[in-house]
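Here the structure comes first, spelled out in structure tokens, and everything after it is commentary.
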Amino acid sequence: MQYNHQEIEKKWQEYWAKNQTFKASNTSDKPKYYVLDMFPYPSGAGLHVGHPLGYIASDIYARYKRHKGFNVLHPQGYDSFGLPAEQYAIQTGQHPAITTETNIKTYRGQLDKIGFSFDWSREVRTSNPEYYKWTQWIFIQLFNSWYNKDSDKAEDVSTLVAKFEAEGNATVNAVCDEDIITFTADEWNGFSSTKQQEILLQYRLTFLSDTEVNWCPALGTVLANDEIVNGVSERGSHPVIRKKMTQWSMRISAYAQRLLDGLNGIDWPQPLKDIQTNWIGRSQGAMVSFEVQSTKYKVESDVTSSAVEKPYKIDVFTTRPDTIYGVSFMTLAPEHELVAKITTDAQREAVETYVEATAKRSERDRMADVKTISGVFTGAYAIHPFSGKQVPIWIGDYVLASYGTGAVMAVPCGDQRDYDFAKHFDLEIPNIFEGVDISEEAFADKEKSVIANSDFLNGLPYKKAMKTVIYEMEQRGFGYGKINYRLRDAVFSRQRYWGEPFPVYYKDGMPQMIEKQHLPVVLPEVEKYLPTEDGKPPLGNAEVWAWDTTTNTVVSNDKVDNETVFPLELNTMPGWAGSSWYFNRYMDATNDGDFVSAAAVEYWKEVDLYIGGSEHATGHLLYARFWQKFLFDLGLVPVDEFAKKLINQGMILGTSAIVYRIAGTNKYVSLGLKDNYKADELQELRVDVKLINSSDELDLEGLKNWQPQYADAEFELEDGKYIVGREVEKMSKRWFNVVNPDDICEEYGADSLRLFEMFLGPLEQFKPWKTSGISGVYSFLKKLWKLFHNGENFEVSEGEPTKDNLKTLHKTIKKVEEDIENFSFNTSVSTFMIAVNELTAQKCNNKAILEELLILISPYAPHIAEELWSKLGHENSIAFAAFPQFDGKHLVESEKEYPISFNGKMRFKLKLPLDMSKEDIEKTVMAHEKTQEQLQGRTPKKVIIVPGKIINIVG
RNA sequence: GCAGGAAUGGCGGAACUGGUAUACGCGUCAGAUUUAGAAUCUGAAUUUUGAGAGUUCGAAUCUCUCUUCCUGUACCA
């Protein structure tokens with residue numbers, strides 16, 4: 001009987017579906033284990049062979065854990081909001097929901113063919129109203145929370161209001177906006193409702209603010225920092241400019257320290273932790289305030305309504321407050337708000353010209369050109385807080401508005417950028433370091449710094465100087481020690497259609513949340529998916545998009561009276577909203593009354609193993625950790641890190657095929673002959689990899705039929721063949737190097753695909769796909785099949801296994817178990833091959849041995865395992881069969897074939913009993929004729945004997 | 001610039017806490033079977049672990065220097 005993968009795989013996929021074999025229960029006596037994949041965005045292109053790599057690995061682990069007696073949760077779903085469906089809608093008018101539905105069907109069909117053990121009863125789709133209802137709900141929770149630094153967690157806004165009512169805000173220690181006014185309890189109680197809401201908004205964990213955003217005109221939307229690569233949009237490479245807009249933001253900065261600390265407790269790859277650590281960018285230093293000389297402005301006090309005059313102040317953040325006596329000028333970012341206010345009339349024109357010129361330069365230009373030093377003097381001076389000296393204030397584009405306060409105290413002797421700026425504009429460079437030459441460059445080695453020319457800091461090394469100066473600044477009231485984070489609050493509004501609508505309407509300009517029982521607020525229908533002509537987001541096109549507070553329904557816009565019917569928010573949420581909590585939803589995916597039931601989340605707790613790409617390091621993986629910590633603060637989830645262990649699978653790359661066209665002709669040169677032509681005479685064209693066989697030979701007829709441009713192609717062949725060039729690059733339609741898993745499943749079967757993807761190399765590594773290698777695992781499966789068959793008949797023997805049989809089996813059990821625990825799936829595939837080769841050589845068809853072998857293989861190649869398992873007479877699925885128990889007694893040896901080395905080089909082997917004493921080994925070896933032959937009469941200096949390992953003769 | 005990672009036959013890759021270097025597979029070559037193709041079976045070859053030094057009885061593995069490549073990130077004050 002032949003191994004017929006098509007028949008077998010179809011049969012068992014249907015069996016699993018029908019019997020709901022992999023449906024997980026939320027109650028069980030078994031220990032729980034939660035294995036999760038990063039859910040895919042269902043794109044129109046469908047899956048290529050690279051996508052399932054991580055899914056196969058996690059599936060193997062999930063199946064392994066079932067064999068090991070765990071109650072395994074292994075769900076799958078779709079991150080189904082996103083830009084491609086929307087852009088398709090813009091082009092064709094087809095509703096994104098339809099596109100998405102179609103794509104999901106394709107994905108599901110492809111996934112099913114690979115034989116994953118997903119519990120599809122828990123499927124989630126972020127674009128389903130039943131799902132995004134809870135995304136909206138979590139948003140509301142964030143709106144209703146503030147971050148209390150004293151308790152170091154998020155709390156309900158009611159606790160904040162209570163504080164305001166009792167004692168005003170002076171004693172409140174919160175993460176909030178920076179420009180907060182101080183008020184007393186009486187003042188608070190006297191504020192209008194709108195005023196109170198305005199103030200509260202400055203404390204909420206999600207808040208509205210006028211922020212400088214990354215606006216992408218081509219996409220008509222705002223992009224997050226991690227959606228921009230090299231100054232252009234990640235998607236489509238469109239230019240991005242800075243623009244002020246009112247946007248929802250998430251106060252992720254409140255969690256900066258906890259996001260950093262949390263990394264210590266989770267088993268994630270170090271590179272990924274490093275990326276997050278850098279992204280959060282903690283730096284320790286001080287805030288220092290410099291007064292601007294002879295400037296005054298009037299402050300309208302909210303409290304007394306009387307005007308007070310105050311000098312302008314420039315706040316700077318510095319990591320080197322110890323070098324404060326080295327300050328010889330200050331630099332403001334051109335966008336700094338004080339620039340216009342402090343510039344003297346004499347300098348005004350020059351400054352304005354400069355500011356305008358910088359504003360025009362895109363972020364990209366500014367980044368590309370870091371060597372040109374530019375700047376302008378404002379004419380104003382600051383007063384050095386310690387020395388009282390005048391310090392000129394400059395503006396320069398090397399100072400970024402978005403980091404720190406957008407202003408620096410320039411210490412040219414200690415910072416190379418300040419140094420270069422000072423040299424360029426011929427500014428003073430005072431030296432405040434002991435015994436250091438700064439005539440050529442700045443001295444930035446803080447560990448070796450000893451401060452000089454700095455009054456009370458003289459003679460102090462860096463660390464002591466830091467402490468002393470911060471203490472002194474705090475005493476005198478113009479500075480304080482501060483930890484600064486690079487992590488910015490995350491903009492949460494997108495000007496897109498295909499995203500979660502906000503559960504928000506506006507009353508008197510203030511945002512109001514829609515109550516839980518009225519959720520979800522469902523995405524409205526629109527005529528056009530583009531922004532409106534007056535620049536509003538696509539939801540501005542909706543005609544029925546107002547909130548009636550009497551009926552609590554969405555009603556037509558013309559009913560808006562701002563009394564009981566109000567306009568709804570026009571922005572939608574970003575892509576990361578739905579993916580920041582989906583792992584919790586799987587625990588209780590159909591719950592209609594709660595985002596997840598307390599019982600379910602208490603049972604499953606967190607993801608035990610999460611597999612996905614490292615490209616989400618500063619996006620999804622950071623936001624998800626943030627939301628999890630927030631939900632934890634609210635007592636809604638039991639742990640504050642959502643994934644205990646994470647593995648980044650590498651990407652499978654395509655191997656593109658290249659033909660060489662002689663420029664201006666329709667003639668193509670084979671790879672080996674292309675050197676006969678000059679490089680500029682040849683054009684490289686990529687052709688479909690389906691036209692290439694395993695030895696890089698091109699199917700000429702196939703090419704002619706492939707695209708009209710090749711119909712009358714001529715070829716210059718080598719040995720009668722056309723050999724193509726190969727290039728490893730990302731799988732992409734435009735390179736014609738995409739390999740569809742469906743084709744592989746059809747030809748070799750899902751089990752072969754699964755084994756082959758694992759066999760390709762270590763999971764985390766990037767590796768090119770080469771279909772040619774798959775025949776190896778395919779013939780392995782055929783050999784495995786043959787072990788159970790004698791010609792046409794299924795035939796296994798019942799007797800006692802031989803010693804050799806047992807040795808092979810237990811060696812395999814040990815290795816495979818270790819490999820799976822270490823996620824070294826490639827080596828366990830080799831182990832299976834060795835085992836099957838050995839058992840074949842032993843002519844073993846012993847039932848007891850084969851049965852256990854099947855269980856070992858079943859996580860990798862579940863279909864063939866199920867089939868043979870049932871042929872062995874089992875009525876239940878192999879999926880829950882107990883994993884074989886390793887027994888070391890089968891591997892015990894009495895002899896060891898020792899490698900005999902001379903000066904570290906192995907020369908011959910010698911079989912000796914393992915219990916032989918060192919002395920006897922030495923005697924035996926030295927007496928051996930081959931030893932004497934090697935020594936040629938010399939006397940060895942030393943003989944190293946490591947029992948059970950090696951013998952090394954030195955001399 | 002900074003941070004992290006990698007380099008082993010023609011190719012993908014093995015090699016546990018230093019102890020027989022290239023397991024396993026692909027490809028190649030030879031042979032068997034076959035009308036042909038395909039499939040199957042048997043056998044063979046390749047290298048000295050990016051370069052150089054050090055520690056060691058012994059280094060792919062540990063240390064240092066250098067080279068190349070990949071990833072992330074950056075006028076971050």
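Any value given below was found using the heavy atoms of this structure, including those in side chains, with hydrogens, waters and symmetry copies removed. Throughout, a chain's letter reflects where its sequence line sits, starting with A, and its residues are numbered from 1.
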Would you say the side chain of Ile652(A) lies within less than 4.5 Å of the side chain of Glu757(A), judging by non-hydrogen atoms? yes
Applying side-chain contact (heavy atoms from CB on, under 4.5 Å), name anything that partners Lys423(A), two or more places apart in sequence or on another chain. Tyr419(A), Ile429(A)
With Glu441(A) via salt bridge (charged side-chain N to carboxylate O under 4.0 Å, His left out) - residues at least two apart: none
Within the structure shown, what part of the strands sits under 4.0 Å from Ser775(A) by heavy-atom distance: base, sugar-phosphate, or nothing? sugar-phosphate
Measuring only the P atom in each nucleotide, how far is G10(B) from U49(B)? A whole number of Å is fine. 13 Å
Taking atom CZ of Phe433(A) and atom SG of Cys413(A), what is their separation to the nearest 0.5 Å? 4.5 Å
Any idea which of C24(B), G13(B), G27(B) is nearest the Pro762(A) side chain? G13(B)
Of A23(B), G13(B), C41(B), the nucleotide closest to the side chain of Lys783(A) is C41(B)
With sequence neighbours excluded, tell me which residues meet side chain to side chain donor-acceptor pair (under 3.5 Å) with Thr771(A). Trp769(A)
Among the nucleotides C24(B), G72(B), A77(B), whichever has the atom closest to the side chain of Val399(A) is A77(B)
Using a 4.0 Å heavy-atom cut-off, does Pro768(A) contact any base of the nucleic acid, only the sugar-phosphate backbone, or nothing at all? nothing
NA contact type, Asn826(A), heavy-atom cut-off 4.0 Å: base, sugar-phosphate, or nothing? sugar-phosphate
Please classify the nucleic acid contact of Lys909(A) as base, sugar-phosphate, or nothing, using heavy-atom distances under 4.0 Å. base
Same-atom distance (P) from C16(B) to G50(B), integer angstrom: 15 Å
Ranges pairing with ranges for RNA chain B, where each run has three or more Watson-Crick or G-U pairs under 3.5 Å: B:1-7 with B:67-73, B:10-12 with B:24-26, B:28-32 with B:40-44, B:50-54 with B:62-66
Could you measure between the two C1' atoms, the one in G58(B) and the one in C24(B), and give it in whole Å? 27 Å
Can you tell me which nucleotide in U40(B), A77(B), U20(B) comes closest to the side chain of Thr319(A)? A77(B)
On a whole-Å scale, what distance lies between the P atoms belonging to C75(B) and A59(B)? 47 Å
First encountered from the 5' end of RNA chain B, between Ser824(A) and Lys786(A): Ser824(A)
Has Arg417(A) got a side-chain N or O lying under 4.0 Å from the OP1 or OP2 atom of C76(B)? yes
Option from Leu338(A), Ile393(A), Thr331(A) for which side-chain contact (heavy atoms from CB on, under 4.5 Å) with Thr378(A) holds: Ile393(A)
Short N/O separations, protein against nucleotides 4-11 of chain B, under 3.5 angstrom:
none

Charged N-O contact under 4.0 Å between Lys811(A) and Glu838(A): yes
Considering only the C1' atoms, how many Å lie between G12(B) and G18(B), rounded to the nearest integer? 26 Å
Rounded interatomic separation in angstrom, taking CD from Gln276(A) and P from U73(B): 12 Å
With Glu701(A), which residues qualify under side-chain contact (heavy atoms from CB on, under 4.5 Å), at least two apart? Asp699(A), Lys704(A)
If you look at every strand shown and take non-hydrogen atoms under 4.0 Å, does Ser901(A) touch a base, only sugar-phosphate, or nothing? nothing
Return the set of residues passing side chain to side chain donor-acceptor pair (under 3.5 Å) with Asp315(A) (not counting sequence neighbours), or none when no residue passes. Ser289(A)
Every protein N/O lying under 3.5 Å from an N/O of nucleotides 53-63 of chain B:
{"residue": "C57(B)", "atom": "O2'", "partner": "Asn952(A)", "partner atom": "ND2", "Å": "3.2"}
{"residue": "C57(B)", "atom": "O2", "partner": "Asn952(A)", "partner atom": "ND2", "Å": "2.7"}

Among A77(B), C41(B), C24(B), which nucleotide has an atom closest to any side-chain atom of Val408(A)? A77(B)
Which residue lies toward the 5' end of RNA chain B, Lys815(A) or Thr831(A), if each is placed at its nearest nucleotide? Lys815(A)
Between Asp315(A) (CG) and A77(B) (P), how many Å, whole number? 18 Å
When rounded to the nearest Å, what value does the distance between C1' atoms of U73(B) and U8(B) take? 31 Å
Which of the following nucleotides, U73(B), A77(B), A23(B), is nearest to the side chain of Ser283(A)? A77(B)
Can you confirm whether or not the ring centre of Tyr778(A) sits under 6.0 Å from the ring centre of His5(A)? yes
So Thr405(A), base contact, sugar-phosphate only, or nothing? Heavy-atom distance under 4.0 Å. nothing
Rounded distance (Å) that lies between atom C1' of G13(B) and atom CD1 of Ile834(A): 13 Å
Contact class for Asn484(A) vs. all strands (heavy atom < 4.0 Å): base, sugar-phosphate, or nothing? nothing
Of the listed nucleotides (C24(B), G19(B), U40(B)), which one gets closest to any side-chain atom of Ile950(A)? G19(B)
Contacts of Lys909(A) that satisfy side-chain contact (heavy atoms from CB on, under 4.5 Å) - sequence neighbours left out: Glu897(A), Met906(A)
Taken in chain and number order and not counting sequence neighbours, the residues that satisfy side chain to side chain donor-acceptor pair (under 3.5 Å) with Ser614(A) are none
Separation of G12(B) atom P from Leu653(A) atom CG, nearest Å, is 12 Å
side-chain N/O Lys767(A) vs G13(B) OP1/OP2, d < 4.0 Å: no
C1' spacing across the pair C62(B) / A77(B), given as an integer number of angstrom: 40 Å
Interatomic distance where CZ belongs to Phe756(A) and P belongs to G13(B) [whole Å]: 11 Å
Quick one: which of U73(B), U20(B), C76(B) gets closest to the side chain of Trp279(A)? U73(B)
Please enumerate all residues that pass ring pair (Phe, Tyr, Trp, His ring centres under 6.0 Å) together with His424(A), with sequence neighbours excluded. none
Determine which pairs satisfy salt bridge (Lys or Arg N to Asp or Glu O under 4.0 Å) with at least one residue from residues 266-275 of chain A, sequence neighbours left out, and list them in order. Asp267(A)-Lys645(A)
CG of Leu272(A) versus P of U71(B): gap in Å, rounded? 16 Å
Nearest-Å distance for atom pair NZ/P, residues Lys273(A) and U71(B): 24 Å
Atom pair distance, as rounded to whole Å: CG in Asn837(A) and P in A14(B): 19 Å
Side-chain H-bond candidate by donor/acceptor type, Asp420(A) with Gln416(A), under 3.5 Å: yes
Spacing of the C1' atoms in G9(B) and A44(B) (rounded, Å): 15 Å
Between G25(B), A77(B), G13(B), spot the one nearest the side chain of Leu400(A), thanks. A77(B)
